[in-house]
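Here's the structure, in structure tokens; my notes come after.
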Amino acid sequence: MLKHSIQALLIITSIVLSGLPQQLSAADAPIDYAKQVAPLFRKYCEGCHSADDAEGKFASDSYAGLLKGGEHGPAFLAGDSQSSRLIRMIKGELKPLMPPEDSGEKLTADEIAVLTEWINQGAKGPSGKEPVQMELTVPRIKPAQAVSKPIASLVWSPDSDLIAIARFSEIDLLSGKSNKLVRTIKDLPGKVNSVRFSNDGKWLITSSGTTGLFGQAAIWDVATGKKLHEFIGHKDVLYAAQISPNQKWLATGSYDHKIILWDIATGKKIRILSGHNGAIYDLAFSPDSTTLASASADATVKVWSVATGARLDTLSQPLKEQASVSFSPDGNYIVATGADNRIRKWRFVSRKSARINPLVIARFAHESPVIQITYSPDGKLLASISDDHSLKIWDADQLRLLHVIENLPAIPTSVAFSPDSRTALVGFSNGQLKRFTLPSNLPAATPGQVIAKQADKTDLLTPMAAGKPAQLKEQEPNNQPGQATLLKAASVVVSGLINPTKPDQTDVDLYAFKSKAGQEWLIETNAARKKSKLDTKIEVLDAEGNQIPRVVLRAVRDSYFTFRGKDSNIVNDFRIHNWREMELNEYLYCNGEVVKLWLYPRGPDSGFNVYPGIGRRYTYFGTSPITHALHEPCYIVDPYPAGTELPPNGLPVFTLYYENNDDGRRELGDDSRLIFKAPKDGTYLVRVSDVRGFQGKDFHYDLTVRPRQPDFKVTLNGANPKVNAGSGQEIELVAKRIDGFDGPIRVDISDVPPGLHVTSPIIIQAGHDRAYGTVYADPVAETTGPLVAPRPTDARYQTVTVSATATIAGKEVTHDVNPLGVIQLQKKPRIIIRMVELNSDQLSLAGDQLAEIPDKPLELTIHPGETIAAKVVVLRDGYKGVVGFGREYAGRNLPHGVFVDNIGLNGLLLLGDQSERTFYLTAAKWVPETTRLFHLRADQEGRQTSLPVLLHVKRKDKLADRSK
């Protein structure tokens with residue numbers, strides 16, 4: 001690097017000197033530094049030798065830098081060009097030659113003569129203060145024909161009837177009502193990259209400049225067109241100049257990677273904000289003027305304190321350059337967009353100190369880079385424009401796509417809303433300006449906006465009476481709709497065979513049944529379980545044999561599998577690109593299969609777990625589990641009712657039909673199961689076939705068609721527990737969900753004998769299959785030998801009841817659960833585990849006191865989107881080993897979306913010499929309000945559990961207000 005710096009210095013020096021002929025006499029006209037010498041240094045030297053990048057410690061971009069010289073001393077000797085290092089390197093008398101031979105650049109003889117004579121004349125500098133270079137020395141080429149100047153930026157004043165349109169070197173002010181020209185402001189330097197109004201509409205703020213030379217921001221009086229203030233301090237063109245809402249500060253952002261804050265009243269710099277590694281493309285002040293957000297080519301958005309210049313956060317989720325950033329009108333959110341085709345929305349919480357601003361929504365928005373996004377004045381809408389020649393209108397709250405205008409006449413360059421938020425104004429690269437009147441129902445909800453959650457909403461319907469199923473046999477031929485075997489009973493089990501009656505014929509079996517609109521049917525096969533060779537596929541068709549759409553899935557985020565592929569069973573380690581913008585409970589579409597995200601990755605070497613979290617993975621909407629290859633595309637999708645017309649967002653839309661190969665709940669093995677909801681009154685067909693197209697005399701099956709009867713059964717695992725005095729043992733409640741019942745289930749355990757305690761109630765959450773509790777015992781006085789519970793015939797145990805209750809079709813349904821059994825009391829264990837508040841002192845953690853069972857459990861409160869801390873304490877009685885509480889499932893029975901955080905690859909762990917550790921709980925931003933008992937379970941010493949802790953999840957409607 002040093003070698004290159006020296007070479008660059010020599011190049012500059014040699015360039016300067018070689019242009020000065022030795023024969024010039026002092027009598028010749030004086031050389032003008034500003035007009036003749038400085039342009040040569042700028043042309044040949046400043047690329048490597050500027051104050052910001054001074055190779056060889058030599059800066060040629062100012063006269064002071066030239067006089068100072070570099071690491072080898074002075075560059076020249078005034079009055080003696082022959083002895084000047086600069087001239088000798090240019091002429092090749094000193095090595096290396098400057099500019100280097102491989103640079104492709106060389107001073108002309110006239111240029112060398114100018115530099116030589118300038119030194120011989122005394123190397124005089126500029127008269128007075130050295131001016132900022134504001135003119136680019138390039139040829140002026142007249143265009144072959146007149147063309148409209150492209151629109152670079154536009155804005156519609158919210159408090160007046162004026163529209164400002166920025167083009168190359170000028171600003172047009174138009175009447176918003178008549179579209180007539182009111183005034184033109186001319187002779188601005190270069191392209192005007194941004195134009196903004198002050199909040200009161202009286203000032204106009206522009207940013208422009210000359211590439212590689214300088215940037216200029218200016219404030220103009222709207223009424224007169226007079227320039228009020230000018231701000232010059234950047235060394236490259238400005239892309240953004242933003243005035244604070246209180247009109248005290250101006251922020252400018254440049255291609256030079258710098259942001260400058262200015263005091264408008266004095267015109268002086270307040271401070272320079274450095275930290276971006278790319279050009280600054282956009283700036284935005286918070287509504288209270290205390291915070292600045294910047295969008296950069298380095299693929300980040302940064303948040304800055306105006307008062308101190310401190311960086312409060314770096315929003316690093318974007319994948320490519322960010323072109324546009326804005327605060328929501330209420331100041332609670334930041335939105336940004338750019339070259340990665342996405343719009344992102346963060347909750348703004350870093351108001352006074354450095355904090356992580358949580359990402360709320362990331363939405364794939366356009367097929368090409370997004371150029372700009374802007375809020376409507378009423379704060380309800382967002383408009384985005386893109387290189388894909390489209391304008392899109394979004395619901396600002398949830399970023400739901402409301403309206404699309406495609407095939408725009410040219411690339412849109414800027415967009416603005418009218419003051420009443422009913423019109424979008426778009427400027428184009430061809431100089432055109434167009435108005436688009438928005439539909440009158442925006443932003444009111446439309447059917448296409450509301451996600452049709454396909455989870456079990458039909459539990460509210462009254463189940464149809466099924467009765468005892470009728471036994472039937474298939475009647476051949478039944479390959480065609482008109483030949484379908486008629487199922488006359490409401491509940492039927494029909495025996496069939498996939499075996500052709502004629503040679504060279506492919507056999508499929510069709511069955512017909514009638515249904516009213518909204519009625520739901522359970523359809524399943526029994527083949528593989530009966531050792532048949534048939535691998536069934538079932539479909540529900542209309543009376544003509546056409547497929548019936550079940551759901552429309554619109555992709556909202558694109559991704560692909562990383563690290564490794566997936567087989568059809570695996571439930572964990574779904575490593576997918578850009579996973580940080582995905583959320584639990586979202587649907588992931590993978591080549592025809594739909595899974596649901598269950599648990600976040602636990603670090604860079606892990607991936608999502610999908611439902612049900614353990615065992616073999618579930619699939620949704622009748623899809624079947626399949627194998628996925630490395631780098632195979634996948635998509636986060638939103639489900640909509642069949643037939644919903646969705647405005648395009650640049651990603652695929654998938655229509656799923658009523659069909660199934662393998663049961664998505666993984667209860668039937670290779671057999672098929674489907675829940676069908678009739679869209680209208682009529683006759684429907686069930687088609688049975690082999691998914692591989694195989695057939696033969698051993699391809700037999702039973703087909704069940706009956707009304708759907710949602711129900712459940714709960715099993716208690718861990719009955720007859722052996723519980724150590726002062727400690728606990730875990731019990732597990734597992735729900736078998738019948739006919740697609742998906743609601744919450746409450747398990748009550750009551751009438752437990754004195755001295756023993758059981759977590760109750762235990763809630764199995766909607767869509768989940770299991771929950772956990774703990775049975776724990778009071779400490780007892782030390783005795784010899786084990787403590788054994790009373791005999792199983794003791795009457796106290798006969799009163800313990802376990803029941804499960806859920807609401808189905810509006811009615812409360814209760815089922816008995818298998819008994820808890822006899823609890824056998826054991827002696828005090830070698831470890832006792834307790835959770836305590838983070839600020840608990842050592843006195844309160846004394847062994848005997850901590851071992852006692854408190855009258856009430858410890859209570860913790862967490863807010864969605866936040867992290868809290870607590871402490872786990874282990875009382876050791878002779879056990880000196882490691883105590884581990886697991887990894888992703890370290891917190892037992894936590895509400896879904898709340899998890900033990902920051903535990904690393906080894907999980908929540910206490911080493912042999914540790915008796916306590918701080919741990920953290922994080923709640924995802926969507927977790928609903930709930931109260932739930934959770935506990936910790938050790939992997940050692942008989943899997944002892946802690947006492948349960950009561951966790952309250954409570955929402956804060958204005959979470960950001962807590963930092964004000």
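As the structure is a computational prediction, the values presented were derived from the model and not from experiment.
- For R932, there are no salt bridge (charged side-chain N to carboxylate O under 4.0 Å, His left out) partners two or more places apart in sequence or in a different chain.
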query: Stepwise, does the side chain to side chain contact (heavy atoms under 4.5 Å, CB included) test hold for V775 with I731?
result: CA-CA 7 Å; V775 181; I731 57 175; 3.9 Å; yes
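- Salt bridge status for K713 with D711: absent, with no side-chain N to carboxylate O gap under 4.0 Å.
- Here the options are R830, K828, R876, the test is salt bridge (charged side-chain N to carboxylate O under 4.0 Å, His left out), and the partner is E941; only R830 passes.
- Between D769 and R665, at least one side-chain nitrogen of the basic residue sits less than 4.0 Å from a carboxylate oxygen of the acidic one, meeting the salt-bridge criterion.
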- request: For L875 and I831, run side chain to side chain contact (heavy atoms under 4.5 Å, CB included): C-alpha distance rounded to whole Å, both residues' side-chain angles, the deciding distance at 0.1 Å, then the answer.
  value: CA-CA 5 Å; L875 299 179; I831 57 172; over 6 Å; no
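- The main-chain N or O of D573 is never found under 3.5 Å from a side-chain atom of S606 such that the two would form a donor-acceptor pair.
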message: Between L950 and L858, is the side chain to side chain contact (heavy atoms under 4.5 Å, CB included) condition met? List the steps.
response: CA-CA 6 Å; L950 195 63; L858 171 67; over 6 Å; no
- request: Output, in order, the C-alpha distance, side-chain angles, deciding distance and verdict of salt bridge (charged side-chain N to carboxylate O under 4.0 Å, His left out) for D567 and R616.
  value: CA-CA 10 Å; D567 65 26; R616 296 193 298 174; over 6 Å; no
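- Rounding to the nearest 0.5 angstrom, the gap separating the CZ atom in F348 from the CG atom in N332 is 9.0 Å.
- Smallest separation of non-hydrogen atoms from M835 and S946: CE-OG, 3.4 Å.
- With hydrogens and angles disregarded, no donor-acceptor distance shorter than 3.5 Å links the side chain of T525 to the backbone of D671.
- Side-chain atoms of S624 come within 3.5 Å of backbone N or O of D662 as a donor-acceptor pair.
- Taking the side chain as every heavy atom from C-beta outward, L599 and Y889 approach each other to under 4.5 Å.
- Cation-pi check for K871 over F919 is not met; the charged atom does not lie both under 6.0 angstrom from the ring centroid and within 45 degrees of its normal.
- Between the side chain of R617 and the backbone N or O of G664 there is no donor-acceptor pair closer than 3.5 Å.
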query: Yes or no on side chain to side chain contact (heavy atoms under 4.5 Å, CB included) for L910 and V882, after CA distance, side-chain angles and deciding distance?
result: CA-CA 6 Å; L910 274 74; V882 169; over 6 Å; no
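- For R666, there are no salt bridge (charged side-chain N to carboxylate O under 4.0 Å, His left out) partners at least two apart in sequence or on another chain.
- Across all their heavy atoms, A735 and I764 have their closest contact at CB-CD1, 3.9 Å.
- Counted by atom type alone, N585 and Y611 present one or more donor-acceptor pairs between their side chains at under 3.5 Å.
- The shortest heavy-atom contact between N818 and V714 is OD1-O, 4.2 Å.
- Between the side chains of N357 and S350, a donor-acceptor pair is found at a separation under 3.5 Å.
- Minimum heavy-atom separation, R673 to N660: N-OD1, 3.0 Å.
- Environment of NZ in K925: crowded, with over 12 heavy atoms of neighbouring residues, nucleotides or ligands closer than 6.0 Å.
- Within the 4.5 Å cutoff, side-chain heavy atoms of I833 are placed close to those of F885.
- K736 is linked by a salt bridge (charged side-chain N to carboxylate O under 4.0 Å, His left out) to E667, counting only residues two or more places apart in sequence or in another chain.
- Closest heavy-atom contact between G897 and L584: CA-CD1, 4.1 Å.
- In terms of the side chain to side chain contact (heavy atoms under 4.5 Å, CB included) criterion, residue partners of A806 (sequence neighbours excluded) are, by chain and number, F712, F741, I745.
- Judged by distance alone, the side chain of K531 and the main-chain N or O of R529 form no donor-acceptor pair under 3.5 Å.
- Under the 4.5 Å side-chain criterion, counting only non-hydrogen atoms from C-beta, V949 is not in contact with E859.
- Remark: I626 engages N591, E593, H628 in a side chain to side chain contact (heavy atoms under 4.5 Å, CB included) (not counting sequence neighbours).
- The closest donor-acceptor contact from the side chain of Q940 to the backbone of G884 lies under 3.5 Å.
- In this structure a side-chain-to-backbone donor-acceptor pair under 3.5 Å is missing from E837 to L860.
- Between the side chains of T801 and S750, at least one donor N or O sits under 3.5 Å from an acceptor N or O.
- A salt bridge is absent between K954 and E929; no separation between the charged side-chain nitrogens and carboxylate oxygens falls under 4.0 Å.
- A side-chain donor-acceptor contact under 3.5 Å links T931 and H952.
- Below 30°, between 30° and 60°, or above 60°: for H768 and W598 the angle between ring planes is between 30° and 60°, a tilted geometry.
- Between Y772 and F934, the gap from one ring centroid to the other reaches at least 6.0 Å.
- By the 4.5 Å heavy-atom criterion applied to side chains, I823 and N720 are not counted as neighbours.
- Under a 3.5 Å cut-off, the side chain of T945 and the backbone N or O of G728 do form a donor-acceptor pair.
- Between F574 and P601, every side-chain heavy-atom pair lies at or beyond the 4.5 Å cut-off.
- A donor-acceptor contact closer than 3.5 angstrom links the side chains of N724 and Q944.
- In this structure the side chain of R575 never reaches within 4.5 angstrom of the side chain of F561, judged on heavy atoms.
- At a cut-off of 3.5 Å, with distance as the only test, a side-chain donor of T805 or T814 sits close to an acceptor on the other residue.
- For the salt bridge (charged side-chain N to carboxylate O under 4.0 Å, His left out) with E732, the qualifying choice from R892, R770, R943, R937 is R770, the only one to do so.
- By the side chain to side chain contact (heavy atoms under 4.5 Å, CB included) test, I356 pairs with no residue at all, sequence neighbours left out.
- Looking at P639 and Y587, their side chains come closer than 4.5 Å, going by heavy atoms from C-beta outward.
- Across G891 and V900, no two heavy atoms sit closer than the pair N-CG2, 3.5 Å.
- The backbone N or O of G669 lies less than 3.5 Å from no partner atom in the side chain of D663, so there is not a single donor-acceptor pair.
- Checked by atom type, the side-chain pair Y600/D901 shows no donor-acceptor distance below 3.5 Å.
- Side-chain N or O atoms of T619 include one that pairs as donor or acceptor with a backbone N or O of T623 at under 3.5 Å.
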